[in-house]
Novice: 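Questions regarding the structure given below will be posed in turn.
Throughout, a chain's letter reflects where its sequence line sits, starting with A, and its residues are numbered from 1.
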Amino acid sequence: MDRYDAHTTEAKWQRVWEDERAFHVPNPEPGADRSRKKYVLEMLPYPSGTLHMGHVLVHTIGDVLARFHRRTGKLVLHPIGFDSFGLPAENEAIRRGGHPRDTVERNITHITREMKRMGWTFDWDRVLAAHTPEYYRWTQWLFLRLYDAGLAYRKPAPVKWCPQDQVVLANEQVHDGRCEYCGSEVVSKNLEQWFFKQTAYAQELLDDLDGLDWPERIKTMQRNWIGRSEGAEILFRIDELDVDIPVFTTRPDTLFGSTFFVLAPEHPLVAQLIDRSSNADELGDYVRRAGAKRGEERAAAEEKTGVFTGFFATNPVNEARIPIWVADYVLMDYGTGAIMAVPAHDERDREFAERYDLPIVTVIDDGEKLVDSAQFSSLPAEEAKRAIVDSLEQRGRGKQAISYRLRDWSFSRQRYWGSPIPIVYCEQCGEVPVPDEQLPVELPDLEDYRPRGIAPLAGADEWVRTTCPRCGGEGRREVETMDTFVDSSWYFLRYCDAHNDQAPFDKEIADWWCPVDQYIGGVDHTTMHLIYARFFMKALNDLGLVGFREPFQGFFTNGWVKLGGTKMSKSKGNVISPDELISTYGADSLRLYTLFMGPADGDMEWTDEGLEGMARFVRRLYRLVGEVAERPHTGDEPANELLRKSHETIARVTDDLGRRLSFNTAIAAVMELVNELSRAGAADPAARFAAETAVSVIQPYAPHVAEELWEHLGHSRLWEEPWPVADESQLQRETFELVVQVNGRVRDRFEVGIDLPEEELVALATASPRVQAHIEGATVRKTIVVPHKLVNFVTG
RNA sequence: GCCGAAGUGGCGGAAUUGGUAGACGCGCCGGACUCAAAAUCCGGUGCCCGAAAGGGCGUGUGGGUUCGAUUCCCACCUUCGGCACCA
């Protein structure tokens, strides 16, 4: 048998699969049995020009699972597409010159070729790209449905603005006050922005986490992000203005200790106060300066600052008149933008009170009981919360309330390379949605699409000028485009029915495949994509468009591949090229090693030696199995250790892939079997079964060499072969290694018969000279026997 | 500051339900083959004492529960990740 040639073999099988469209999965007949379906999906990749290790990891995980489930008899949907709109594509095009469409389409062509070289079994008949009119037509259509339902709306909002990219960023795209994409410092700007009302689903987004098979840490991150707080909303009266101002507090029990009142600088009431305040100049000046500051600047300020308005609010519980201040430590976008300050029991209020000499009144003692709180005094704090809110509620001055940290999703972008928002502004009719039959609103080609502080589309006069769909008069198109997270909030639905030109997808088909059974991707999408897509499904379900409310039932987070202790990245210059590695070692070795490095949900350290070792394993497998294949097939399979090991390997790999998602240990299990086969030799009566087993269960990882060897073994089409099932009876051992301990320390170990009674085990253990040496002269107070494991003597 | 995850040989890691710590691989050492090298194959490899037999130590640190703890409990240290004036 020749030395294994990965290059030729991989090309050979890839060609067969391609020619046969072997991994295309048809849509089900109406009423088909849903228990057979399995939707395996990796997060929509940005089409960079070449594959990087991140792609290799995430798609290999998906492919191993897809190939495994296919062989267990499942109908597996395993599609791929491209996140081809958005900043990275646009920036890449600007950098390289040319149009973003040309850039992404060239990239898609190239990366598709590399993906095929990896042997990944995508259903290429369902491929999609976010930037094509066939796709974004339906992104726009879905936007309109949300718009009709009042879930997409426009409001002026202070937004994060990246001066470098000339674009509004979502909160989630700002890290440490810097733009996620270019690293520039972000500033604040007030603009009309489009929002999706995801806060309407805050509670449900929180509650439904319980039913998801996600890593607990991801659920925790989402829970914190949603940030539910229970408390009360309490009305404070401002007599001079004849208004009631609500505040949110989690500590209604401290209400008697509220000695001042604070409004956020952006609070709508502040404008009125400025007009009537004797302190108007100072107040106006403060509000202006606060508005120019970034949130991070405000948070990082050494000392809290504020200005007294000259007005007073009335504490509803004791009629105390407390001064109203404006201070930028109170944020407009949490709670009601106004607080009752309780300096005795809130660190921030205390800091402010100390700086401005405001009174500090203690109302909770060390025993967590109320003091100086009228009829509530001496109540435990927890009880007092309820009692005070109840009493306020009876007088119409307050109520139980829940507040969330989650904000609505700002999805408009002042950039070119995204889906146009299908809205027309008309002098007569105002904001008018584009009728469905006029979709898609196509993105026009622009000579200059670079960001200039206003949306680039604003410069496309001919495109912007249109007729109002409602009155037929003059209208102007919305010039902002959609965040790419809108594209990725529904793409998994489109895969189900990728060629539908009447609707984004057929509900019955989508309901058959969805939800995604196993989603795979990075942790970094936890608080953005994963929340947005969940919100979308809930909204789409309420609109009757889908029959489920959660998009991803199972989620597996892939870690990072590191080199020299740091995450691989172009900027650090520590990247390795998967395409080159395929050329040198073959895709099978790369696939295997990527998953063998360590647990796939953690970070993994790359070493070239490790990959070489894996290539060595593949050649060794090829040689050993080849030796077995060359021998005549005798057909007898006596029960021996190698046979038992084969069945054990089947059981372990099946469990690792089917339940544990433990990819590295499954490979180790196959290696153990191959080692055992090597020791036993090709002449062993169980050698053939062992070889077939090893080839069969390594196939999801190393599909090419496995297919080749399967053929050598006289079979064909391993990718369609049913997954082997371990024979329970063959798993039973006749003997086991009895461990004998004295006081918990191992003193001897030897093989004994599997069904020896306890007394016999104890007798054998006692008889051991090594054990004797340790129990001689001592009294054995206690003897513990663990069946099939050990005997432990406890001496006194 | 708050929330979360993780600390095991020279290295990546395994140990799934409290029961043989270190599977599997890398590296290293020794051997076979070879004129030689590479490749390949075989064997060894936690640390300390010992010629060996054997003994002691050992899963971040300190305690605890238990016949027995990498696994459970308490306190702490370190690293990484998320959030951060959220009322």
Novice: Calculate the interatomic distance between A:Asp603 atom CG and B:rG81 atom C1'; express it in whole Å.
Specialist: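 From A:Asp603 CG to B:rG81 C1': 9 Å.
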
Novice: Measuring from atom CG of A:Asp346 to atom OG1 of A:Thr249, what distance do you get when rounded to the nearest 0.5 angstrom?
Specialist: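 A:Asp346 CG to A:Thr249 OG1: 8.5 Å, rounded to 0.5 Å.
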
Novice: Indicate, with a heavy-atom threshold strictly under 4.0 Å, whether A:Glu347 touches base, sugar-phosphate, or nothing.
Specialist: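 Nothing, no nucleic acid heavy atom in range.
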
Novice: Between B:rC67 and B:rA53, how far apart are the P atoms? Round to whole Å, please.
Specialist: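 B:rA53 and B:rC67 have their P atoms separated by 34 Å.
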
Novice: Could you tell me the separation between the CZ atom of A:Arg3 and the C1' atom of B:rA38, rounded to a whole number of Å?
Specialist: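 Going from A:Arg3 (CZ) to B:rA38 (C1'), I get 11 Å.
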
Novice: As a test of reading the structure: which of B:rU16, B:rA87, B:rC3 is closest to the side chain of A:Val330, going by heavy atoms?
Specialist: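 For A:Val330, the side-chain atoms sit closest to B:rA87.
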
Novice: Centroid-to-centroid, A:Phe261 to A:Trp325, below 6.0 Å?
Specialist: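 Here the rings of A:Trp325 and A:Phe261 have centres that are no less than 6.0 Å from each other.
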
Novice: Rounded to whole angstrom units, what separation is found between the CG atom of A:Asp328 and the P atom of B:rA87?
Specialist: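 Whole-Å distance recorded here is 18 Å.
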
Novice: Between A:Ser678 and B:rC42, does any side-chain N or O lie under 4.0 Å from OP1 or OP2?
Specialist: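 Answer is yes, contact under 4.0 Å.
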
Novice: Which nucleotide wins on minimum distance to the side chain of A:Leu790, given the candidates B:rG19, B:rG82, B:rC67?
Specialist: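 The answer is B:rG19.
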
Novice: Base contacts versus sugar-phosphate-only contacts with protein, heavy atoms under 4.0 Å: please encode nucleotides 23-30 of chain B as B, S and - from 5' to 3'.
Specialist: BBSSS---

Novice: Which whole-number value in Å describes the distance from A:Glu751 CD to B:rU20 P?
Specialist: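 About 15 Å, once rounded to whole Å.
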
Novice: Which nucleotide, if any, forms a Watson-Crick or G-U wobble pair with B:rG4, using both distances under 3.5 Å?
Specialist: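 B:rC80 - that is the nucleotide pairing with B:rG4, both distances being under 3.5 Å.
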
Novice: Rounded to whole Å, please give me the gap between CD1 in A:Ile218 and C1' in B:rC3.
Specialist: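 Taking atom C1' of B:rC3 as the reference, CD1 of A:Ile218 is at 13 Å.
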
Novice: Hey, can you tell me if A:Tyr593 and A:Trp606 have their rings parallel, tilted or perpendicular (30° and 60° cut-offs)?
Specialist: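 A:Tyr593 vs A:Trp606 ring planes: perpendicular.
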
Novice: Say we look at B:rA23 and B:rA14: how far apart would their C1' atoms be, to the nearest angstrom?
Specialist: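 Each nucleotide's C1' atom is 5 Å from the other's.
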
Novice: How far, in whole Å, is B:rC35 from B:rC28 if one measures between their C1' atoms?
Specialist: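 Between the two C1' atoms, the distance is 27 Å.
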
Novice: Under 6.0 Å from the six-membered ring centre of A:Trp560 and within 45° of its axis: does the NZ or CZ of A:Lys567 meet both?
Specialist: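 Ring-cation test returns yes.
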
Novice: Which residue lies toward the 5' end of RNA chain B, A:Ile784 or A:Arg749, if each is placed at its nearest nucleotide?
Specialist: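 Nearer the 5' end of the strand: A:Arg749.
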
Novice: Please classify the nucleic acid contact of A:Glu351 as base, sugar-phosphate, or nothing, using heavy-atom distances under 4.0 Å.
Specialist: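 Nothing, no heavy atom under 4.0 Å.
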
Novice: Does A:Ser229 have a side-chain nitrogen or oxygen under 4.0 Å from the phosphate oxygens OP1 or OP2 of B:rA87?
Specialist: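 Indeed, a polar side-chain atom of A:Ser229 lies that close.
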
Novice: CD of A:Gln222 versus C1' of B:rG81: gap in Å, rounded?
Specialist: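 Result: 16 Å.
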
Novice: According to the Watson-Crick and G-U wobble definitions, with both distances under 3.5 Å, which nucleotide is paired to B:rC41?
Specialist: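 Paired with B:rG31.
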
Novice: Expressed in angstrom and rounded to an integer, what is the separation of A:Trp225 atom CH2 from B:rA84 atom P?
Specialist: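 In whole Å, B:rA84 P and A:Trp225 CH2 are 6 Å from each other.
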
Novice: Does any nucleotide pair with B:rU66 by Watson-Crick or G-U wobble geometry, both distances under 3.5 Å, and what is it?
Specialist: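 By the stated definition (distances under 3.5 Å), nothing pairs with B:rU66.
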
Novice: Donor-acceptor pairs are to be reported for all side-chain atoms of residues 783-792 of chain A against protein atoms at under 3.5 Å, with residues two or more places apart or in another chain.
Specialist:
{"residue": "A:His788", "atom": "NE2", "partner": "A:Ile754", "partner atom": "O", "Å": "3.4"}
{"residue": "A:Asn792", "atom": "OD1", "partner": "A:Asn743", "partner atom": "N", "Å": "3.4"}
{"residue": "A:Asn792", "atom": "OD1", "partner": "A:Gly744", "partner atom": "N", "Å": "3.0"}

Novice: Under 4.0 Å, heavy atoms only, any strand: does A:Val670 hit a base, just the sugar-phosphate, or nothing?
Specialist: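 Nothing, no heavy atom under 4.0 Å.
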
Novice: Could you check which of B:rU40, B:rG54, B:rU16 has an atom nearest any side-chain atom of A:Arg619?
Specialist: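 Taking heavy atoms from C-beta onward, the closest nucleotide is B:rU40.
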
Novice: Indicate, with a heavy-atom threshold strictly under 4.0 Å, whether A:Val739 touches base, sugar-phosphate, or nothing.
Specialist: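 Base contact.
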
Novice: Quick one: is B:rC41 close enough that its OP1 or OP2 comes under 4.0 Å of any side-chain N or O from A:Arg623?
Specialist: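 Yes, because at least one side-chain N or O of A:Arg623 sits under 4.0 Å from OP1 or OP2 of B:rC41.
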
Novice: Can you check the distance between B:rU79 and B:rC24, where both ends of the measurement are the P atom (answer in whole Å)?
Specialist: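 It works out to 34 Å between them.
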
Novice: Looking only at side-chain N and O atoms, does A:Arg747 come under 4.0 Å of OP1 or OP2 in B:rG54?
Specialist: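 So the side chain of A:Arg747 is outside the cut-off, no N or O lying under 4.0 Å from OP1 or OP2 of B:rG54.
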
Novice: Can you name the residues that form a side-chain contact (heavy atoms from CB on, under 4.5 Å) with A:Val674, not counting sequence neighbours?
Specialist: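 Applying side-chain contact (heavy atoms from CB on, under 4.5 Å) to A:Val674 gives A:Phe617, A:Arg620, A:Leu621, A:Leu624, A:Val670, A:Ala694.
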
Novice: Using 30° and 60° as the class limits, which term best fits the ring planes of A:Phe663 and A:Tyr701: parallel, tilted or perpendicular?
Specialist: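 If you compare the ring of A:Phe663 with that of A:Tyr701, the planes turn out perpendicular.
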
Novice: If B:rU20 has a Watson-Crick or G-U wobble mate with both distances under 3.5 Å, name it; if not, just say none.
Specialist: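 WC or wobble partner does not exist here.
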
Novice: Checking contacts here: which listed nucleotide (B:rC67, B:rC57, B:rA84) is nearest the side-chain heavy atoms of A:Arg745?
Specialist: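 Ranking B:rC67, B:rC57, B:rA84 by closest atom to the A:Arg745 side chain puts B:rC57 first.
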
Novice: Write down the distance separating the C1' atoms in B:rA6 and B:rU61, rounded off to the nearest Å.
Specialist: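 It comes out at 16 Å once rounded to the nearest Å.
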
Novice: Under 4.0 angstrom, heavy atoms only, what part of the nucleic acid is A:Thr526 near: base, sugar-phosphate, or nothing?
Specialist: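 Answer is nothing: A:Thr526 stays at 4.0 Å or more from every strand.
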
Novice: In whole Å, what separates the C1' atom of B:rC74 from that of B:rA87?
Specialist: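 Rounded to whole Å, the distance is 33 Å.
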
Novice: Between A:Tyr201 and A:Tyr404, is the ring centre distance below 6.0 Å?
Specialist: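 Not under 6.0 Å, so no.
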
Novice: How would you label the contact of A:His774 with the nucleic acid (heavy atoms, under 4.0 Å): base, sugar-phosphate, or nothing?
Specialist: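 A:His774: backbone/sugar contact only, no base atoms under 4.0 Å.
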
Novice: Starting at the 5' end of RNA chain B and moving along, which residue's nearest nucleotide shows up first, A:Asn792 or A:Val523?
Specialist: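 Looking at the nearest nucleotide for each, A:Asn792 comes out on the 5' side.
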
Novice: Using the P atom as the point on both nucleotides, what is the distance between B:rG46 and B:rG9, in whole Å?
Specialist: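 Those two atoms are separated by 13 Å.
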
Novice: What is the glycosidic conformation of B:rG9: syn, defined as within 90° of 0, or anti?
Specialist: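 B:rG9: syn.
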
Novice: Check whether any side-chain N or O of A:Arg770 sits under 4.0 Å from OP1 or OP2 of B:rG54, and answer yes or no.
Specialist: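 A:Arg770 to B:rG54 OP1/OP2: side-chain N or O found under 4.0 Å.
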
Novice: By the 4.0 Å heavy-atom rule, please label A:Val746 as base, sugar-phosphate, or nothing.
Specialist: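 Here A:Val746 touches the backbone only, sparing every base.
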
Novice: Ion pair present between A:Glu648 and A:Arg644, side-chain N to carboxylate O less than 4.0 angstrom?
Specialist: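 Judged by the 4.0 Å cut-off on N to carboxylate O distance, A:Glu648 and A:Arg644 do form a salt bridge.
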
Novice: Could you check whether A:Arg228 gets within reach of a base, just the sugar-phosphate, or nothing at all, counting any heavy atom under 4.0 Å?
Specialist: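 Nothing, no nucleic acid heavy atom in range.
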
Novice: Between A:Arg407 and A:Asp333 (salt bridge meaning N to carboxylate O under 4.0 Å), is one present in this structure?
Specialist: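 Salt bridge flag = yes for A:Asp333 with A:Arg407.
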
Novice: Please give the nucleotide sitting opposite B:rU71 as a Watson-Crick or G-U wobble pair, both distances under 3.5 Å, or none.
Specialist: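 Partner of B:rU71: none found under 3.5 Å.
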
Novice: Please state how far atom CG in A:Asp346 lies from atom P in B:rG1, giving the value in whole angstrom units.
Specialist: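 Whole-Å distance recorded here is 18 Å.
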
Novice: How far, in whole Å, is B:rG10 from B:rG44 if one measures between their C1' atoms?
Specialist: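 So the two C1' atoms sit 16 Å from each other.
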
Novice: Using a 4.0 Å heavy-atom cut-off across all strands, classify A:Ser403 as base, sugar-phosphate, or nothing.
Specialist: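 Here A:Ser403 touches no strand at all.
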
Novice: Please determine, for B:rA87, whether a Watson-Crick or G-U wobble partner exists with both distances under 3.5 Å, and give it or none.
Specialist: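 Result: none.
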
Novice: Between A:Tyr356 and A:Phe260, does the ring centre distance come in under 6.0 Å?
Specialist: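 Distance test on ring centres: not under 6.0 Å, no.
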
Novice: Where the side chain of A:Arg659 is concerned, which of B:rG82, B:rU16, B:rA87 is the nearest nucleotide?
Specialist: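 Of all the options, the side chain of A:Arg659 is nearest to B:rU16.
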
Novice: Look at the side chain of A:Thr607 and the backbone N and O of A:Gly610, then say whether any donor-acceptor pair between them is shorter than 3.5 Å.
Specialist: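 Here the side-chain-to-backbone pair exists.
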
